[in-house]
Amino acid sequence: MESRSYHDPHSMKESAVLDVKPLRSLAPMLPASLGQKSTFCPSNAPPFVCVTPLGSFATASAYPPGFCPFFSSVGSPQDLNQIPVEHPSYLNEENGFPRASGGTTPPAFYKEAVIIDSSGKTTKRFSNYSTFPADSSATESSKRKKNKSRQSLADSTLLPSSHDPRESVEVVLSTFDALRRRLMQIDDAKKLRPDLKAGSIMMSNDLRANKEKRIGPVPGVEVGDIFYFRIEMCLVGLHSQSISGIDYKTISFVDQEDSVAVGIVSAGVYGNEEDSEDTLIYTGQGSSNNDDQKLERGNLALEKSVRRANDIRVIRSAKDPSITNGKIYIYDGLYKIHESWVEKGKTGFNTFKYKFLRQPGQPDGIAVWKRIEKWKENPSLRGNMVLSHDLSSGIENKPVCLVNEVDYEKGPTYFTYSNTVGYPRSISSVKPLQSCMCPSACLPGDANCSCLRQNGGFLPYSSNGILVSRKPLVYECPATCQCLINCRNRVTQVGLHLHFEVFKTRDHGWGLRCWDAIRAGTFICEYTGEIIDGIRSINFDEETDYVFQPMYSDPDFKWNYVPELLEETGNVDLSETPKLLSFVINSKNNGNIARFMNHSCSPNVFWQPVLHDHGDDRYPHIMFFAIKHIPPMTELTFDYGRRPAEMGNHMNPQREKKCLCDSVKCRGFFI
DNA sequence: GATTGCTCAAAGCA
DNA sequence: CTGCTTTGAGCAAT
């Protein structure tokens with residue numbers, strides 16, 4: 001149990017978790033004018049206002065509504081000569097779905113959505129797309145069903161009843177990844193490729209967005225978005241080649257048809273690609289080991305794109321440090337090919353080279369990654385924006401940076417950094433958690449492992465520590481187990497493994513973000529503080545800015561896989577909601593990075609109850625996990641929830657805070 | 001720990 | 001309908 005005054009890196013004195021006495025006041029450290037009563041931003045101002053989950057990208061979008069890639073970005077007369085006569089499908093699409101064949105019918109997506117609730121019952125929810133002709137996609141689906149024993153689920157399940165392309169893309173990605181995680185859990189021997197298997201299931205059920213290729217931006221995909229598998233980019237229509245690096249499409253231009261490139265993946269496999277933020281030297285395709293590259297297919301399309309000067313989406317890649325040989329794909333926005341040439345490769349054969357230039361005015365993509373790399377090499381680069389290099393004073397495995405890039409406030413209100421939870425009384429001895437006898441590590445499928453049995457027969461985490469499914473309660477191995485601390489069933493006990501940063505937001509106080517890319521299902525952190533027994537003991541009229549309440553407010557939020565897609569129905573317990581927890585955690589005086597996480601109605605983080613050091617399921621640990629893939633430096637947010645109706649009388653309506661998130665799902669207010 | 005080689009892959013194009 | 005092209009992702013060995 002450790003807790004330390006966050007501002008005092010020299011003090012190694014430890015205090016008991018419930019000792020809330022300040023070790024030292026914050027004020028003496030600050031210039032007189034910047035004390036706790038700072039006029040710039042009073043430290044007792046409510047720091048919690050909602051934030052857009054898209055960060056600055058949302059407002060800084062380079063593409064206003066109605067954006068046409070051929071008319072805007074580079075508006076030279078030369079470009080205008082190259083406008084295609086008939087605009088192909090990429091224009092005027094209001095949603096992320098392909099047009100039905102024929103072109104005049106509305107997009108062919110779901111007539112209704114089937115919601116699978118926690119009890120396993122299915123309920124139908126009709127979308128508001130009432131004008132949709134019943135079977136305008138008949139040709140499509142009959143083609144599809146020809147050699148499929150399973151019916152397509154796309155028109156009957158899953159996809160949200162929303163016209164928001166962003167939401168469609170996110171549902172596709174989340175459905176895919178949940179499926180992938182489950183496949184990995186079922187077949188831990190890894191005889192199959194879970195990504196390909198899951199991708200194939202998605203494809204055969206037509207669970208994809210932006211099926212039709214297009215030039216320019218892809219609805220619902222934003223610059224900076226990250227992907228962990230090539231197939232993910234296929235499913236959302238960003239890059240339709242599952243393996244090949246060059247994606248191309250035949251377009252009708254003024255003079256004639258041409259097959260031009262629409263996107264490339266620069267995975268660095270051919271080497272010698274220039275590594276600058278706005279330029280990229282890309283090598284054409286074809287094995288350069290035993291023959292000259294030929295001017296056909298992708299290479300030919302790139303060559304045509306040099307003359308047509310059309311926008312080309314560029315996906316760059318980076319190493320995923322959490323996995324051996326792991327790769328992350330980063331959508332870096334639109335580029336144009338500036339020039340091309342032929343060059344002798346290392347093996348002496350001709351290769352095609354293409355110089356890509358990034359179109360100006362786009363949000364940062366790979367630039368964010370490069371910036372972070374520089375900070376890691378040289379921490380002094382950010383100068384006096386960094387208020388503390390480690391807010392946790394060494395308590396956490398990884399330092400927690402404290403920065404302010406927007407004003408002169410020198411830090412959040414005083415608190416004691418503590419990475420453990422304080423209980424009102426000792427409960428650890430009351431009810432110990434059952435422990436297993438597994439030597440060194442718990443293994444999947446081991447019927448003798450009691451920890452596995454408690455979790456329903458499956459390890460709750462995959463081999464790389466990713467949470468597979470949300471459940472009412474996750475049972476990790478307690479210290480009394482024979483297995484070691486690196487056992488796969490101890491993911492949340494080992495502390496932080498990401499480089500976090502507490503930062504001052506522009507309009508809603510302090511927030512939390514991360515230097516590292518975070519894959520969906522990754523453990524973020526625990527919510528620490530003092531546990532206060534019984535919600536009713538909290539006076540809601542008083543300050544609740546740093547109080548965590550275990551509440552749910554989005555009954556439609558589903559993170560787990562859809563069992564129908566695996567023909568796995570009935571016998572699987574997929575309930576995600578924990579039973580009502582009647583405690584709150586107060587982190588006002590003691591807390592960790594979790595206390596800085598702001599609310600959003602479209603969050604990227606959720607909480608999951610976990611037991612590991614005691615067996616009292618009334619007081620589980622509150623652990624946060626990533627809902628989706630989160631690019632570096634994106635603010636981390638979770639849904640603060642809504643107080644149950646029964647609590648209404650205890651609430652002062654004025655305590656409700658106005659939510660500023662730009663989410664289409666924004667509820668307007670939160671606790 | 002980082003790199004290399006090996007294997008079996010799926011989707012879209014021709 | 002089928003073969004061809006592409007090189008991804010995971011793993012074992014170095």
Side-chain angles (χ1 to χ4, degrees), chain A residues 89 98 140 143-144 146-148 172 176-177 179-181 183-185 187-214 226-251 257-271 273 282-302 304 315-330 345-347 351-352 444 462-466 486 497 519 629:
Chain A
S89 58
E140 275 283 312
K143 230 187 288 172
R144 207 169 51 233
K146 223 170 201 174
N147 51 1
K148 296 275 183 261
V172 166
F176 162 81
D177 204 54
L179 210 53
R180 201 197 108 254
R181 294 190 307 265
L183 286 166
M184 209 155 52
Q185 188 182 44
D187 178 42
D188 215 278
K190 307 228 176 63
K191 288 282 170 257
L192 50 78
R193 284 265 305 269
D195 60 315
L196 295 183
K197 178 83 179 160
S200 186
I201 292 172
M202 297 289 288
M203 290 281 188
S204 61
N205 286 288
D206 225 20
L207 292 167
R208 52 197 297 189
N210 305 304
K211 194 174 175 179
E212 194 160 323
K213 279 194 199 183
R214 69 197 66 217
I226 59 172
F227 303 87
Y228 284 79
F229 297 95
R230 289 287 303 258
I231 201 82
E232 290 181 323
M233 296 186 284
C234 298
L235 291 171
V236 301
L238 181 62
H239 191 90
S240 48
Q241 301 293 330
S242 63
I243 291 179
S244 177
I246 306 165
D247 197 9
Y248 51 100
K249 176 184 166 75
T250 303
I251 303 282
E257 282 195 340
D258 252 349
S259 197
V260 296
V262 297
I264 58 155
V265 178
S266 171
V269 284
Y270 292 101
E273 284 164 22
Y282 189 75
T283 307
Q285 65 189 189
S287 70
S288 53
N289 290 332
N290 42 31
D291 202 0
D292 289 344
Q293 288 189 342
K294 297 183 183 68
L295 193 58
E296 56 185 30
R297 294 164 181 268
N299 297 341
L300 182 59
L302 287 170
K304 300 269 189 191
I315 293 122
R316 305 249 213 164
S317 66
K319 251 185 74 66
D320 178 3
S322 65
I323 290 187
T324 335
N325 290 349
K327 229 180 243 176
I328 301 173
Y329 302 96
I330 304 130
K346 276 179 193 158
T347 48
T351 56
F352 292 99
S462 63
S463 57
N464 52 352
I466 300 289
N486 61 355
H497 59 284
R519 189 197 280 243
H629 305 328

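Below, read A as the first sequence line, B as the second, and so on, with proteins coming before strands; counting in each chain starts at 1. Values reported hereafter were calculated over all heavy atoms of this structure, with side chains retained and with hydrogens, waters and symmetry mates removed.
For Ser259(A), the side chain to side chain contact (heavy atoms under 4.5 Å, CB included) partners are Tyr248(A), Thr250(A), not counting sequence neighbours. The salt bridge (charged side-chain N to carboxylate O under 4.0 Å, His left out) search around Arg230(A) returns none, not counting sequence neighbours. Every residue two or more places apart in sequence or in another chain that forms a salt bridge (charged side-chain N to carboxylate O under 4.0 Å, His left out) with Arg519(A) is listed here: Asp320(A). Qualifying ring pair (Phe, Tyr, Trp, His ring centres under 6.0 Å) partners for His239(A), counting only residues two or more places apart in sequence or in other chains: none. Partners of Asn325(A) according to the side chain to side chain donor-acceptor pair (under 3.5 Å) rule, which considers only residues two or more places apart in sequence or in another chain, do not exist here. Taking the salt bridge (charged side-chain N to carboxylate O under 4.0 Å, His left out) definition, one finds that Lys304(A) meets it with Asp258(A), sequence neighbours left out. Take Lys319(A) and apply the salt bridge (charged side-chain N to carboxylate O under 4.0 Å, His left out) test, not counting sequence neighbours, and it matches no residue.
Nucleotides of DNA chain C nearest to Tyr329(A) and Ser244(A) differ in position, and the one nearer the 5' end is that of Ser244(A).
Counting to the nearest Å, the P atom of dT6(C) and the CG atom of Leu300(A) are 13 Å from each other. Between the NZ atom of Lys294(A) and the P atom of dT6(C) there is a distance of 9 Å, rounded to whole Å. In this structure, the CZ atom of Arg181(A) is 17 Å from the P atom of dA9(C), given to the nearest Å. Separating the CG atom of Asp195(A) from the C1' atom of dC8(B) is a distance of 12 Å, rounded to the nearest angstrom. Regarding Phe229(A), its CZ atom lies at a distance of 13 Å from the P atom of dG8(C), rounded to whole Å. Per the geometry, CG belonging to Asp320(A) stands 14 Å off P belonging to dC11(C), to the nearest Å. The nearest whole Å value for the distance from the CE atom in Met233(A) to the C1' atom in dA9(C) is 13 Å.
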*Checking side chain to side chain contact (heavy atoms under 4.5 Å, CB included) for the pair Tyr228(A)/Asp177(A): CA distance, chi angles, key distance, verdict?*
CA-CA 10 Å; Tyr228(A) 284 79; Asp177(A) 204 54; over 6 Å; no
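Proximity of a side-chain donor or acceptor of Tyr282(A) to a complementary backbone N or O of Phe352(A) within less than 3.5 Å is not detected. Side-chain atoms of Asp247(A) do not come within 3.5 Å of backbone N or O of Gly263(A) as any donor-acceptor pair.
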For nucleotides 3-5 of chain B, list the nitrogen or oxygen atoms of the protein found under 3.5 Å from its nitrogen or oxygen atoms, one pair per line.
from   : atom 1 : to        : atom 2 : distance (Å)
dT4(B) : O4     : Asn325(A) : ND2    : 3.1

Pull out every protein N or O sitting under 3.5 Å from an N or O of nucleotides 10-14 of chain B, one pair per line with the distance.
from    : atom 1 : to        : atom 2 : distance (Å)
dA11(B) : O4'    : Ser242(A) : OG     : 3.4
dG12(B) : OP1    : Arg208(A) : NH2    : 3.3
dC13(B) : OP1    : Lys213(A) : NZ     : 2.5

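The phosphate of dG8(C) has OP1 or OP2 within less than 4.0 Å of a side-chain N or O from Arg230(A). In this model, the phosphate group of dA9(C) is not approached by any side-chain N or O of Lys327(A) to a distance below 4.0 Å at OP1 or OP2.
Residue pairs meeting the salt bridge (charged side-chain N to carboxylate O under 4.0 Å, His left out) criterion with at least one partner in residues 231-244 of chain A, sequence neighbours excluded, do not occur; the list is empty.
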*Can you give the dot-bracket line for DNA chain B, where a pair is Watson-Crick or G-U wobble with both atom distances under 3.5 Å, crossing pairs use [ ], and | marks a partner on another strand?*
.|||||||.|||||
